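For reference, the structure discussed in these notes is given below.
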Amino acid sequence: MKTLRREFFRSLVQGGAGVLVVSLACAKGKTEQVVQQKLPARSIAPSNQKWSMVIDLAKCDGCKDCTKACNKMHFVPPMQEWIKVYEVLDNPIAGPYYLPRPCLQCDNPPCVRGCPVGATFKRTDGIVIMDHDRCIGCRNCIAQCPYSARFFNWSEPSHNKNELSHPYSMEYSYPHRKGVVEKCDFCANDLRAGKLPACAEKCDMAAIYVGDEYEDAVTNCKGETVQLSKITKQGAAFRLLEELGTEPRVYFLPPTKRKYPAPGEPKPEAGKS
Amino acid sequence: MNLDREANMLRVLTHTSRQFYVTFGILSAVALWGLCGYIIQLRDGLIVTGLRDQISWGLYIANFVFFTGISYGGTLISAILRVTNSGWRHPITRLSEAITVFALCIGGPMVIVDMGRPERMLFLFTHGRLQSVILWDVIAVSTYLAGSVLYLFFPMIPDLALLSKRQEFSSWRRTLYRKLSFGWTGTPEEQHLLEKCVSGMAGFMIVLAVSVHTVVSWIFAMTLRPGWNSSIFGPYFVMGAIYSGTAAVVLSMYILVRMLHLEDYIKPTHFRRLGILLLTFSLLYLYFNINDYLTAAYKVEGSEKHLMQQLFFGDYAVLMWATQALCIFIPFLMIAAVLFLKRLQKFLPPAIALASVLIIIGAGAKRYLIVVPTLSTPFLQNTNLPFDWIHYHPTWVEWSITFGGVAVLLLMYMLFTKVFPMVSIWETRQDEEQVETAVVPSTKPASQRWRSISSIPVILIAGLLLNIGDARADQKPPAKKPEATSLSLEWQQVATPAPKNEESKQTQLSGREASRVDKIFGRLLGWNPTESSDNLEAPPSMQVTATLHDSKGQPLTYQVVSLSLKTSFGTLDFGSRPTDEQGKAQFLVKDKRYGKYSVESIYDGGSDFAAARATATVDFGPRPAPALPSQGVLIAPNLTAAVAVPFLAFFGFTWLVFLFVGCYILFWRLPQIRKHVSKKAPWSQRKQPSHSLATHGLRSRKIAGGGY
């Protein structure tokens with residue numbers, strides 16, 4: 001019986017060492033890939049930019065034109081709002097304000113951390129991409145996202161001809177399909193084509209600025225280009241739920257000296273404006 | 001008497017009552033109904049459930065946690081009692097090990113039922129990311145399932161060999177038993193080897209079981225959600241699982257005693273001992289509940305305040321208080337009453353069985369309360385949605401699948417009782433021999449009885465502790481009436497102001513000593529991504545100088561020149577500035593910018609001088625190479641050693657043990673021993689004396705050693 005025990009432990013130690021060696025050997029190649037930044041092709045964006053967004057809450061009047069434009073551009077399925085306008089009341093004295101929330105394209109995205117199959121992944125241009133061909137519909141990313149920025153196609157979404165005429169692309173996220181998770185993709189294809197995303201383009205108040213962090217400039221639909229590092233610094237920009245460490249790429253300028261009535265306040269008469 | 005009770009127990013294998021057929025029929029109908037529900041869900045999508053974007057996990061995930069919890073019964077009763085060498089476990093090991101296997105067979109697929117695209121299930125293996133807790137879960141649960149099947153099968157081999165020789169069985173049964181016993185002959189050497197293997201595996205199964213339920217809890221604890229974002233979740237889940245698992249064992253004991261007439265094996269003393277265990281666990285679970293809720297409720301932290309209100313006084317208050325009562329208080333009082341009041345002792349088995357039913361129902365409700373209320377109180381509430389898109393109520397489909405799952409569990413269990421003996425014959429025989437030789441008194445002194453039980457929490461705590469990855473350009477002025485001017489642009493790099501650098505150097509110096517270890521681990525997990533952002537802050541300032549000359553080449557002074565830069569979406573205006581005596585206007589650009597940009601300087605002109613403009617390409621240095629943010633391995637697309645090595649080492653080692661036990665021992669070692677023995681002496685001569693001697697010797701050694 002002693003021989004058995006000895007044998008048992010010997011083979012356990014040998015086996016453990018074997019597993020360790022094999023896993024180290026496997027991991028070594030992978031480590032080199034990451035260290036040398038040999039990223040998989042899908043993680044490398046077609047162009048070398050880093051997209052950022054600045055939303056000036058002092059300008060946002062809660063008209064939801066951004067939501068409408070987004071829904072139209074992406075054929076967003078019903079009940080979903082990839083950019084959602086919230087009425088926020090931090091405390092009763094400070095008073096309410098509007099806060100549009102697209103996907104914040106975090107630099108430390110919890111959804112990417114949690115995806116078991118790499119269906120959602122960070123791209124080198126800063127966008128968190130969602131791959132509908134890969135998604136298994138486990139909805140762990142929805143549980144992981146603290147911003148409620150992710151949606152699920154609970155049933156086969158209603159389609160329209162225009163939507164179906166396009167082949168599926170991760171850069172515009174349609175045609176839509178059942179059983180996968182959907183989210184704002186910063187209109188990645190428009191950005192590359194040199195156009196602003198739909199929400200920024202259609203914002204009448206010109207509250208949404210989009211630009212390239214490497215250019216250190218963001219632009220709104222009125223063509224006003226401002227220096228990113230300057231407005232974030234001088235405007236005391238904040239990021240949503242900073243304390244969670246998600247490092248979002250969307251900055252908000254505080255709703256000070258608002259140019260519109262706050263939520264709940266009577267709107268100015270139509271004739272006057 | 002021994003043979004009598006064996007024959008009595010084995011009667012169930014050959015005799016099937018009408019009751020069995022009726023129950024089987026009803027359960028099959030429920031299971032089919034559940035299957036119908038799942039087919040409808042597959043056809044229409046998850047819209048048939050009550051789940052929506054706000055509360056995207058519900059009953060299915062709660063079921064997954066619940067059934068995995070139930071599966072703990074087997075490990076606890078069998079492995080822990082085996083490690084602590086509690087002799088009274090023998091009649092109940094098999095039935096509890098069977099619960100583990102069947103509960104996992106239902107719990108695991110509940111995740112697949114919850115998936116939006118179950119047909120892509122294999123992506124988990126072909127595209128799996130080991131950084132995801134979901135994948136940890138898949139691997140942990142499947143490892144646990146493989147282990148528990150082996151752990152159920154191994155101690156059954158001697159029984160199967162015994163049964164294959166019994167003449168009252170039909171020939172197909174005997175063939176089945178013989179094939180499954182892999183030529184077991186029953187020599188002491190074989191028996192000893194088997195016992196060694198099983199007790200070795202027992203210790204292993206405890207570690208594995210604790211790790212599995214901890215990983216299950218991490219699906220929740222590793223999210224940024226109020227209520228889930230809690231460090232207590234691992235042990236909390238393990239405790240809850242052990243509690244409900246023990247209750248499941250007690251319940252199945254009671255049912256089997258009533259249905260299969262196992263009174264000869266399972267005696268009130270078993271109910272009594274498990275009752276004491278349940279009592280201990282209920283107090284431990286109460287302790288964990290207080291720890292989880294009170295620490296959150298005391299601080300009234302913004303996001304958790306809402307959750308606590310919902311749980312204690314709001315939408316979930318009724319369910320929450322009912323669950324606490326059902327799961328902890330009522331069973332506690334019931335068990336305590338029958339254990340300590342002599343007058344009520346005759347109701348002991350039914351009362352503890354009833355308490356177990358309450359505990360199991362309470363445990364199911366508790367899992368629901370862990371999953372749903374947290375999802376209903378996110379940081380950002382989903383607005384503009386109809387009521388039933390924000391509030392979750394399980395639909396008939398979800399209930400059908402849930403009850404279908406329960407029905408399949410019971411069906412599998414029923415069929416198991418019809419094919420395999422529910423009590424370990426060889427182990428109970430050994431007990432019998434011991435009683436007959438009258439070495440150990442049947443009623444142990446109280447201190448000894450308590451010792452065997454008090455060692456269990458120690459093992460549990462030990463298990464919990466174990467748990468623990470540019471160019472110049474000239475522009476000819478337009479020939480117009482006002483005097484022509486020319487504007488030229490020059491740019492040069494200038495050093496960025498010094499004081500800032502010193503500051504950062506100082507902070508780096510002060511933190512250097514402590515940060516070496518910190519750097520390695522911090523970089524792995526993305527805790528200090530400051531390194532790369534420091535690099536990003538490096539770009540130098542640019543001094544762009546616009547020089548304005550008139551047509552004679554004399555510098556124009558005090559004229560306003562503006563500067564702008566073309567970006568991909570627009571033009572960035574740097575404002576305007578007057579020229580100095582030399583006709584120069586200097587613009588200091590201190591932006592964090594990379595790449596080449598076309599810069600334009602404009603002189604608007606005036607009544608005396610014509611307008612002029614000049615463009616130049618300014619090079620702010622190359623853009624950084626495309627890279628992902630340096631936030632650690634968890635968001636990286638590739639796997640790194642930091643995550644893979646510990647993970648693969650643990651589960652790889654586990655699988656190795658299973659392979660060792662399942663293949664090497666079964667197919668190589670055992671036949672070898674048999675050959676060896678048959679060469680030495682014919683089997684019939686050695687059997688009787690050596691058998692009892694060997695078992696006796698083994699037992700006395702174990703007792704002397706004081707357990708494992």
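Naming convention: chains lettered A, B, ... in sequence-line order (proteins, then strands); numbering from 1 in each chain. On a predicted model such as this, the values are computed, not experimentally measured, just so you know.
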Region of [X] in contact with chain A, defined by heavy-atom distances below 4.5 Å:
| X | result |
| --- | --- |
| B:Leu385 | side chain |
| B:Asp137 | neither |
| B:Asp114 | both |

So which part of [X] gets closer than 4.5 Å to some heavy atom of chain B, the side chain, the backbone, both or neither?
| X | answer |
| --- | --- |
| A:Ser47 | neither |
| A:Cys145 | backbone |
| A:Glu224 | neither |
| A:Pro146 | both |
| A:Phe121 | neither |

Non-hydrogen side-chain atoms of A:Tyr98 and A:Val88 separated by less than 4.5 Å = no

Donor-acceptor pair between B:Asp53 and A:Gln80 side chains, under 3.5 angstrom = no

How far does CD of A:Gln227 sit from NZ of A:Lys230, to the nearest 0.5 angstrom?
-> 6.0 Å

Separation between CH2 of A:Trp82 and SG of A:Cys66, rounded to the nearest 0.5 Å = 14.5 Å

Name the member of A:Glu156, A:Arg101, A:Glu87, A:Glu81 that forms the most heavy-atom pairs with chain B at distances under 4.5 Å.
-> A:Glu81

Should the pair B:Phe651 and B:Phe647 be assigned to parallel (<30°), tilted (30 to 60°) or perpendicular (>60°) ring geometry?
-> tilted

Identify the heavy atoms of A:Tyr147 and A:Cys106 that sit nearest to each other, and give their distance.
-> CE1-SG, 3.9 Å

